[in-house]
Amino acid sequence: MIKITLKGDVVKEFDAGVCAADVTKSLGAGLFKAACACEIDGVYSDLRTVINKDCALNILTFDDELGKKTFWHTASHVLAQAVKHLYPSTKLAIGPAIDNGFYYDFDARPAFTNDDLQKIEDEMKKIIKNGTELIRFSLPIEQAQKLLSDMGEDYKVELANEHASSGEEISFYKQGDFTDLCAGPHLLSTAPLKAIKLTQCTGAYWRADANNTQLSRIYGTAFPKALMLGEHLTRIEEAKKRDHNKLGRELELFTTSDIIGQGLPIMLPKGAKIIQILQRFVEDEEEKRGWQLTKTPLMAKSDLYKLSGHWDHYKDGMFVLGDEEKDEEVFALRPMTCPFQYQAYLNRGRSYRDLPMRLNETSTLFRNEASGEMHGLIRVRQFTISEGHLMCTPAQLEGEFKNCLELAIYMLKTLGLYEDVSYRFSKWDPNNREKYIGTPEQWDEAQSVMENILNHLEIPYKVGIDEAAFYGPKLDIQIKNVHGKEDTLITIQIDQLLAEKFSMEYVDADGVKKNPYIIHRTSLGCYERTLALLIEKYAGAFPLWLSPIQAKILPIGERQLEYAKKLSDELKNAGLRVEIDERSEKIGYKIREAQLEKVPYMLIVGDKEVEADLCSVRSRKDGDKGQMPVNELIKMLVTENATKAR
RNA sequence: GCUACUGUGGCUCAAUGGCAGAGCAGCUCAUUCGUAAUGAGCAGGUUGUCAGUUCGAUUCUGACCAGUAGCUCCA
């Protein structure tokens with residue numbers, strides 16, 4: 001007999017050799033029905049796992065992350081089975097569970113189109129209705145390779161070959177007429193996959209390498225109940241409504257023009273106003289913290305980029321002016337600010353007394369992004385970033401890095417984005433040497449310096465291999481957009497290589513010339529991307545201090561126009577952004593429009609208000625707030641504006 | 001760049017191998033109204049662009065431009 005410790009420290013005895021599924025069954029039919037997988041002594045395992053010794057068993061259902069993963073992984077096998085039924089010549093690649101569902105990659109000729117999805121989904125439903133049992137078995141490597149190669153599954157053979165040296169058997173899962181190479185775990189049967197939906201089909205490269213064949217990827221999601229699927233699809237629809245690319249255009253923050261070109265958004269007055277507010281805020285805050293503003297050119301001779309290494313690494317991504325073959329001098333629009341600001345440092349000889357030297361710039365950059373990469377305001381060809389470079393001694397590095405991070409965190413907290421970010425420590429990949437400059441020793445040093453700083457500051461981070469800049473490691477502050485796609489909002493980088501390339505030196509206290517460390521950093525990222533995330537964060541209803549129009553004065557009729565103008569002047573003099581709706585419309589109509597425009601305050605003036613120097617205040621959020629003396633109103637708005645309240 | 005999809009007035013959408021239609025927004029007039037839509041009228045389109053097929057193309061085909069999702073890339 002063995003002892004199995006269950007949830008709530010309940011211990012039960014079973015015969016040795018019992019499988020986790022049978023244990024689950026003995027605990028109740030409801031739990032057995034809901035069980036997706038389990039953890040045995042904390043190890044994520046299949047319910048088919050045979051237990052031979054005392055252990056702790058935790059049953060995982062769809063409510064657990066790993067339970068969901070198992071559920072969706074099985075759904076991906078059903079997808080593959082359905083595809084094999086309908087298109088037998090299709091070859092299988094991989095089919096994992098992802099954040100909110102699953103996908104499967106197929107080598108299908110021709111590639112699947114949206115029209116195929118419905119057919120495949122219907123076939124999946126048939127398979128699920130039959131409630132086929134999944135059977136796990138394993139084979140020695142040679143037999144596994146033979147089986148897969150007999151099946152004609154070239155991609156699977158490639159995967160199996162990679163396990164050849166491990167000496168372990170290769171596991172398979174079989175459901176009816178379908179067998180797939182798979183480590184599992186899986187559900188016991190396809191029956192629990194009550195509600196499934198195939199969501200889209202796209203291309204995806206085999207092994208994530210653009211040089212390989214492009215496969216046809218089908219995405220889907222599945223739930224144990226139809227209601228849950230419905231809720232999931234509703235959530236996606238709701239998210240679409242706050243997509244910055246839709247909402248930002250509706251609210252007239254920005255637009256685009258075919259004749260101007262891709263990735264070149266036009267900031268309309270309201271969007272430009274928000275960016276101006278952000279820029280002023282950033283520049284003022286940076287000045288308070290000892291940063292000095294520079295203004296450097298938007299282009300340079302190719303020589304500059306050759307020296308920095310950007311010409312070698314990113315020439316294709318730059319807008320080059322002129323022809324290298326024909327012209328004596330070739331220029332390029334700047335894709336980054338680094339070497340421009342270095343010239344400011346190089347203006348004269350520097351001493352350790354000049355350090356740290358903190359140079360910031362509201363810097364417009366140009367990158368010739370590939371046509372498929374552009375997206376709304378998130379990824380564009382021209383953008384403006386709060387960029388800065390900080391030259392310091394090794395002793396100052398940790399303190400200055402911390403200051404840069406604190407500034408970034410202050411910015412995020414003020415904007416209300418702090419709760420939404422995560423940290424990524426982006427390292428180089430020693431196996432991808434052509435991407436990076438410097439020696440392994442230099443990389444080890446720079447990375448260990450950054451790692452020490454991050455650990456010391458207790459920053460919780462994920463590691464990103466091969467995510468570093470070509471000259472040094474990065475701390476990337478990541479944020480997800482409304483569709484769950486992650487992007488870098490802020491980055492702080494340590495660079496000990498470029499100073500040497502540019503002969504940047506300082507005379508230390510001991511009289512010896514040394515290269516400074518350089519921190520590349522942004523305090524708020526690029527304004528276009530930040531605006532995009534703010535639009536989505538607030539669904540267009542910005543906090544007062546960021547609102548392009550903070551209050552709209554709505555006269556009931558023409559009689560109050562003069563008073564409305566007086567009120568508007570008073571508010572403007574107090575530094576507030578105000579508009580008057582002078583149209584001869586009913587008050588309900590004016591309110592509706594102001595509300596849809598997401599103006600924070602509506603100030604209604606009728607005869608009653610004019611008489612007593614009052615104003616009826618309506619808030620976007622709370623509706624009618626009643627009457628208020630004008631001086632009191634101004635005091636309230638000015639205070640809210642100054643505190644940057646959210 | 002790759003795969004798939006999309007493109008009809010400012011917006012949301014309809015229709016057709018044979019005269020392109022509606023609502024909202026806009027403009028004009030009337031209305032001067034108390035917390036989310038007053039009424040009437042007017043105007044607005046070479047159906048993304050350029051070719052091809054056709055007696056005739058907005059519809060079919062191709063190329064290009066732009067947009068969406070995903071992949072790859074992101075200094």
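Chain identifiers are assigned alphabetically (A, B, ...) following the order of the sequence lines, protein sequences preceding nucleic acid strands; residue numbering begins at 1 within each chain. Worth saying up front: this structure is predicted, and the values here are computed from it rather than measured.
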For [N], take OP1 and OP2 only and decide whether either is under 4.0 Å from a side-chain N or O of [X].
X	N	answer
A:S371	B:G1	yes
A:R559	B:C33	yes
A:Q200	B:A4	no
A:Y103	B:U3	no

Taking the [atom1] atom of each, how far is [N] from [M], in whole Å?
N	M	atom1	answer
B:G21	B:G34	C1'	39 Å
B:U46	B:C50	C1'	13 Å
B:U3	B:U12	P	28 Å
B:U49	B:U38	P	37 Å
B:U8	B:G67	P	14 Å
B:A43	B:A22	C1'	16 Å
B:U58	B:A20	C1'	8 Å
B:A57	B:G17	P	15 Å

Subject >> Test log, rule salt bridge (charged side-chain N to carboxylate O under 4.0 Å, His left out), inputs A:E579 and A:K552 >> reply: CA-CA 5 Å; A:E579 270 185 10; A:K552 208 151 189 176; 3.7 Å; yes
Under 4.0 Å, heavy atoms only, any strand: does [X] hit a base, just the sugar-phosphate, or nothing?
X	result
A:K474	sugar-phosphate
A:Q262	sugar-phosphate
A:Q560	nothing
A:D624	base
A:A594	nothing
A:E585	base
A:R217	sugar-phosphate
A:G606	base
A:G317	base
A:H375	sugar-phosphate
A:D487	nothing
A:S616	base
A:S584	base
A:R583	sugar-phosphate

Donor-acceptor pair under 3.5 Å, [X] side chain vs [N] base:
X	N	value
A:R379	B:C74	yes
A:Y205	B:G70	no
A:E609	B:G34	yes

Using atom [atom1] of [X] as one end and atom [atom2] of [N] as the other, report the distance to the nearest whole Å.
X	N	atom1	atom2	answer
A:R207	B:U72	CZ	P	13 Å
A:N481	B:A69	CG	C1'	12 Å
A:E486	B:C73	CD	P	15 Å
A:D258	B:C65	CG	P	11 Å
A:E593	B:C24	CD	C1'	10 Å
A:E237	B:U12	CD	C1'	15 Å
A:R249	B:G7	CZ	C1'	13 Å

Original post:
Toward the 5' end of RNA chain B, which comes first, A:M318 or A:G626, by nearest nucleotide?
Top reply: A:G626
**OP:** Could you pick out which residue, A:G376 or A:D115, lies toward the 5' side of RNA chain B when each is mapped onto its nearest nucleotide?
**Re:** A:D115
Original post:
Are the side chain of A:S216 and the backbone of A:F112 linked by a donor-acceptor contact shorter than 3.5 Å?
Top reply: yes
Original post:
Any sub-3.5 Å donor-acceptor pair from A:T294's side-chain atoms to A:T296's backbone N or O?
Top reply: no
Scan every strand shown for a Watson-Crick or G-U wobble partner of [N], both distances under 3.5 Å, and answer none if you come up empty.
N	value
B:G67	B:C5
B:A20	none
B:G45	none
B:A37	none
B:U53	none
B:A15	none

About how many Å separate [atom2] of [Y] and [atom1] of [X], when rounded to the nearest 0.5 Å?
X	Y	atom1	atom2	answer
A:I519	A:I494	CD1	CD1	6.0 Å
A:E609	A:L567	CD	CG	10.0 Å
A:K608	A:C615	NZ	SG	13.0 Å

Determine the interplanar angle of the [X] and [Y] rings, folded into 0 to 90°, and report it as parallel if under 30°, tilted if 30 to 60°, perpendicular if over 60°.
X	Y	result
A:H520	A:Y471	parallel
A:Y104	A:F106	parallel
A:Y314	A:F470	tilted

Select one nucleotide: of [options], the one nearest the side-chain heavy atoms of [X].
X	options	result
A:F470	B:G34, B:U3, B:A75	B:A75
A:E558	B:C33, B:U32, B:A75	B:U32
A:M336	B:A75, B:U12, B:A36	B:A75
A:Q595	B:A36, B:A69, B:A75	B:A36
A:I556	B:U38, B:G34, B:A75	B:G34
A:Y219	B:G70, B:A75, B:G26	B:G70

Original post:
Stacking here means centres under 5.5 Å and planes under 30°; does A:Y314 stack on B:A75?
Top reply: yes
Original post:
Could you walk me through whether A:F319 and A:F366 pass the ring pair (Phe, Tyr, Trp, His ring centres under 6.0 Å) check?
Top reply: CA-CA 7 Å; A:F319 290 102; A:F366 306 85; 7.1 Å; no
